[in-house]
Asks: 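What follows is a single structure, and I will ask about it in a moment.
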Amino acid sequence: MNKVQKAAYELIQADARFLYALVDISQSAKNINSNYICMCLPYIGLFAEGAEQWCKKVGLNAPRFNANEKIFYMQLRQGHKLFEKSYKNYTMQLSQKFAESENYFYNIRSFYERIFGYYNVGTDLCNDEFCGNTILCAMYTPVKTLGNKNIGPWITNMSVVAGKLAASLGCKEFPIYRYNDNLIVKYEDYHFYKNSPLKLENDFGFLLFSILCSVNYAIEFVENYFIEEIPQKFKFAYLQYYYLCNFIKELNAQKNTDFYIDCCLCNRNFRNCLAHYGLGQYINETEIIPDDILKGLTNKTFGEDYLTIKAKLYKILRTLTEQIRQTILK
């Protein structure tokens, strides 16, 4: 491999290690009870589809997708681009999944729930910040989940190739990314909107809540649960940020609101490197910084080091989430 390919390979290995860490968390962690894996599905899809394609192009001996796996991971990775949809289409999909959840849990109510109320949405919290919900998880999953008794075995079968792919990239040769098992990651079930944390008790409130959950998954859960500074802390946050820049503008135009997001870091070439591992089309060997977490990509794009740009990115996103939090939460 040349220097640029080696840098891309190391970024792929980092994502493989993250996948391996998720497996270890599911087997060994004690203080986590949430939909953290389902909220990660788009990023798992990004890794699996991108790594399989990259390995094929450079001639590495890595597992290949069969026809069904190829379709599954192509659909799975699309979840990271939900905010690329128009405001109308995103709202429509979110409302559809919300209605499916409401109808399902309404129809299976127990006698107790008929009297005292039932839940229709599960939420995840880390450091008491909302960082996931079951409606988003349903949007991320390319097959119907509610009432589907075969969904577990089916997803397990589809996931085998991603595990083999990660193993072939040497993820087991590295120590597992350390995580803070003293940090309590929990879930809370609610009935939106009769009994929920929202003061804006309508579909628009839930849309804003889902933006909050999407961003917080990166800047609250991944940031705080994983101890080391790992590429995913930046990558997941940036991909949400990139698509939100236009989405927030359209949301403001549609709803006559004034939410602000600073788009100074929005760069398509940079986004493509994070989403596709295609560094060779953007950065040359002299610009690679081998010991940098993102291999010099922030220096190339923004003229500043990784930690400086990460701090700017997180500040922008936290400015947005604080606006949303004040608008919708009780």
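For the numbers below, each heavy atom of this structure counts, side chains included, while hydrogens, waters and symmetry mates do not.
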Asks: May I ask you to establish whether Lys300 and Tyr282 are in a cation-pi arrangement, using a distance under 6.0 Å from NZ or CZ to the six-membered ring centre and at most 45° from the ring axis?
Replies: yes
Asks: Would you call the rings of Phe236 and Tyr217 parallel, tilted or perpendicular, where under 30° means parallel and over 60° means perpendicular?
Replies: parallel
Asks: Using the benzene-type ring in the case of Trp, are the ring centres of Phe72 and Phe65 under 6.0 Å apart?
Replies: no
Asks: Thinking salt bridges, do Arg17 and Glu10 make one under a 4.0 Å N-O criterion?
Replies: no
Asks: Taking Arg318 first and then Glu322, would you say they form a salt bridge - that is, a charged N and a carboxylate O separated by under 4.0 Å?
Replies: no
Asks: Let me confirm one number: the CG-CG distance from Leu212 to Leu207, rounded to the nearest 0.5 Å.
Replies: 11.5 Å
Asks: What's the verdict on side-chain contact (heavy atoms from CB on, under 4.5 Å) for Ile135 and Phe192, showing C-alpha distance, side-chain angles and the deciding distance?
Replies: CA-CA 11 Å; Ile135 308 304; Phe192 286 74; over 6 Å; no
Asks: Is the closest basic N to carboxylate O distance between Asp124 and Lys186 below 4.0 Å?
Replies: no
Asks: Quick check on the 6.0 Å ring-centre criterion: do Phe302 and Phe270 meet it?
Replies: yes
Asks: May I ask you to say whether Lys88 pairs ionically with Glu250, meaning some side-chain N is under 4.0 Å from a carboxylate O?
Replies: no
Asks: Below 4.0 angstrom, N of the basic side chain to O of the carboxylate: do Glu304 and Lys312 qualify?
Replies: yes
Asks: Test Glu129 against Arg325 for salt bridge (charged side-chain N to carboxylate O under 4.0 Å, His left out), laying out the working first.
Replies: CA-CA 10 Å; Glu129 295 286 350; Arg325 187 183 296 108; 3.0 Å; yes
Asks: Answer yes or no on whether Arg109 is positioned over the face of Phe105, meaning its NZ or CZ is under 6.0 Å from the six-membered ring centre and within 45° of the axis.
Replies: no
Asks: Test your reading of the model: is there a side-chain donor-acceptor pair from Gln96 to the backbone of Gln93, 3.5 Å cut-off?
Replies: no
Asks: One thing to verify: whether Lys310 and Glu229 come together as a salt bridge, which I'm taking to mean a side-chain N less than 4.0 angstrom from a carboxylate O.
Replies: yes
